[in-house]
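Below: the structure, in structure tokens.
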Amino acid sequence: MNLDLTDVALFVRVCATHNLSAAGREFGLSPAASSARMAQLERQLGARLLHRTTRQIALSQDGEAFLERAVALLDAAEQARASVGSGREPQGLLRVAASVSFGRLHLMPWLPQFLERYPGLQLDLRLSDRVIDLAANGIDVTIRNGPLHDSALIARVLAPSRLLLVASPAYLARHGTPQRPQELAGHQCLVLEGVNPWNFRDPDGSLISVRVGGRMRSDNGEAMRDAAMAGLGIALQSTWAVYQQLKSGALVPLLAAYPMALNSVVSAQYLNRNFLPPKTQVFIDYFAARFGPAPYWDEGLPGIGN
């Protein structure tokens with residue numbers, strides 16, 4: 001059985017977009033041609049891969065089983081192409097996912113230079129604060145911020161992601177400056193969804209856990225930073241998100257003697273495969289060189305960097 005790789009690639013994109021017509025347009029196919037190619041793939045495999053109605057497309061049980069194999073098959077084909085002419089530049093569409101805040105602050109400024117360096121690449125950048133399923137969405141690499149967890153993904157650390165508490169001078173003038181983590185219970189704290197309680201290390205290394213609260217919470221780190229700048233409360237932030245405001249004095253670091261207990265990093269994560277496509281490899285290498293163990297956003301901050 002000889003499968004057409006275009007049909008396989010179309011199937012993967014249908015799974016990612018949940019829209020046959022939209023996926024077909026990426027391949028220059030009409031809706032009718034896209035439907036015909038999917039039907040041809042199902043006939044060759046002898047299985048229904050997709051449940052299609054006028055309103056939605058859903059994977060069948062056989063489709064779920066085939067999806068992982070389909071992604072691996074496309075990777076193997078790319079590996080074979082890359083093995084011919086070892087000096088060739090990376091080619092093709094690179095799909096990258098990242099959080100909204102980090103993507104805007106630290107990927108976008110460097111992407112023009114990256115794309116100029118690799119003219120054979122096209123980029124599909126997905127910015128979302130939700131964790132994206134790489135296989136289901138056809139994502140090559142995701143940039144994530146937080147502690148590393150055991151998973152089916154391979155992770156490469158690109159930089160530390162140091163955490164600290166910040167507040168505006170105006171807020172501290174009205175409400176006072178906390179001297180110990182336990183005093184946060186009497187303050188307006190800006191809570192990022194899923195990050196509560198706040199955990200600290202006291203000077204002797206023991207853990208202090210404080211459940212915080214306030215009048216505002218959000219699922220977006222930039223919103224919490226901006227709320228802190230507006231004097232609405234105390235926020236837990238990564239230095240990469242607030243380094244400019246710390247340098248300008250718009251935000252003030254708090255509780256320096258009580259570092260956050262969470263060990264957080266910026267990492268590039270991709271599916272656990274035997275082969276990393278050249279397009280993904282150069283993207284990871286490029287940003288590892290831009291960031292590194294002493295990233296530019298930590299330079300000049302009190303007690304951090306140079």
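Predicted model, so just to flag it, every value in this text is computed and none were measured.
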In residues 107-117, what donor-acceptor pairs under 3.5 Å come from side-chain atoms, sequence neighbours left out?
residue	atom	partner	partner atom	Å
W110	NE1	Y296	OH	3.3
Q113	OE1	Y286	OH	2.7

Answer with yes or no whether the hydrophobic clustering places [X] together with [Y]; edges join I, L, V, M, F, W, Y residues whose side-chain heavy atoms lie under 4.5 Å apart.
| X | Y | answer |
| --- | --- | --- |
| F283 | L158 | yes |
| I284 | V282 | yes |
| V131 | L192 | no |
| Y118 | Y270 | yes |
| L232 | L165 | yes |

Can you name the nearest heavy-atom pair linking [X] to [Y], along with the distance?
| X | Y | value |
| --- | --- | --- |
| L105 | A241 | CD1-CA, 4.1 Å |
| H187 | G176 | CE1-O, 3.2 Å |
| S238 | L163 | OG-CD2, 3.2 Å |
| T142 | R144 | CG2-NE, 3.4 Å |
| L255 | P178 | CD2-O, 3.5 Å |
| Q269 | A155 | CG-CB, 3.7 Å |

Residues in salt bridge (Lys or Arg N to Asp or Glu O under 4.0 Å) contact with [X], at least two apart in sequence or another chain:
| X | value |
| --- | --- |
| R174 | none |
| D4 | R37 |
| R156 | D285 |

Applying side-chain contact (heavy atoms from CB on, under 4.5 Å), can you list everything that pairs with [X], at least two apart in sequence or on another chain?
| X | value |
| --- | --- |
| V100 | R104, L127, D129, N220, E222 |
| A257 | none |
| R180 | Q182, E183, Y258 |

Do [X] and [Y] have side-chain heavy atoms sitting under 4.5 Å apart?
| X | Y | value |
| --- | --- | --- |
| T239 | L164 | yes |
| V157 | V266 | no |
| P197 | V212 | no |
| L3 | Q44 | yes |
| S60 | L50 | no |
| N19 | V14 | no |
| Y243 | L301 | yes |
| L236 | V191 | no |

- Message: Any side-chain to backbone donor/acceptor pair from Q244 onto V242? Under 3.5 Å, distance only.
- Response: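 Flag not set: sc Q244 to bb V242 has no pair under 3.5 Å.
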
- Item | Whether D140 side chain and T280 backbone form a donor-acceptor pair below 3.5 Å |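 Checked: no pair found.
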
For [X], give me all partners under ring-ring contact (aromatic ring centres under 6.0 Å, His included), at least two apart in sequence or on another chain.
| X | value |
| --- | --- |
| F291 | F102, F287, W297 |
| H175 | Y171 |
| F66 | F11 |

- Output, in order, the C-alpha distance, side-chain angles, deciding distance and verdict of side-chain contact (heavy atoms from CB on, under 4.5 Å) for L20 and M38. CA-CA 9 Å; L20 182 59; M38 282 297 90; 3.7 Å; yes

[atom1]/[X] to [atom2]/[Y] distance, rounded to the nearest 0.5 angstrom?
| X | Y | atom1 | atom2 | answer |
| --- | --- | --- | --- | --- |
| S35 | Q40 | OG | CD | 11.5 Å |
| D62 | L45 | CG | CG | 9.0 Å |
| H18 | I57 | NE2 | CD1 | 9.5 Å |
| Q237 | M224 | CD | CE | 8.5 Å |
| I208 | R201 | CD1 | CZ | 10.0 Å |
| L123 | K279 | CG | NZ | 10.5 Å |

- Task: Using only heavy-atom distances, determine whether the side chains of S99 and N145 contain a donor-acceptor pair under 3.5 Å.
- Result: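 The answer is yes; a qualifying pair exists.
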
- Verdict with supporting geometry, I154 and L271, side-chain contact (heavy atoms from CB on, under 4.5 Å): CA-CA 6 Å; I154 295 296; L271 289 171; over 6 Å; no

- Which pairs, with at least one residue in residues 246-260 and sequence neighbours excluded, count as a salt bridge (charged side-chain N to carboxylate O under 4.0 Å, His left out)?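 Listed once each, the pairs would be none.
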
- Query: Hey, is R162 close enough to D298 for a salt bridge, meaning N to O under 4.0 Å?
  - Reply: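 The answer is yes: the pair qualifies as a salt bridge.
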
- If you draw a 6.0 Å radius around CD in E64, do more than 12 non-hydrogen atoms from other residues or ligands fall strictly inside? yes

- Item | Step-by-step side-chain contact (heavy atoms from CB on, under 4.5 Å) determination, L59 to L49 | CA-CA 6 Å; L59 276 172; L49 303 176; 5.5 Å; no

- Task: List the steps, then state whether side-chain contact (heavy atoms from CB on, under 4.5 Å) holds for V71 with V12.
- Result: CA-CA 7 Å; V71 172; V12 171; 4.2 Å; yes

- Item | Residue pairs passing the side-chain hydrogen bond (donor to acceptor under 3.5 Å, both in side chains) test where at least one lies in residues 203-214, sequence neighbours excluded |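 Every side-chain hydrogen bond (donor to acceptor under 3.5 Å, both in side chains) pair that includes a residue of residues 203-214, provided the two are not neighbours, is N199-S209, D202-S206, D204-S206.
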
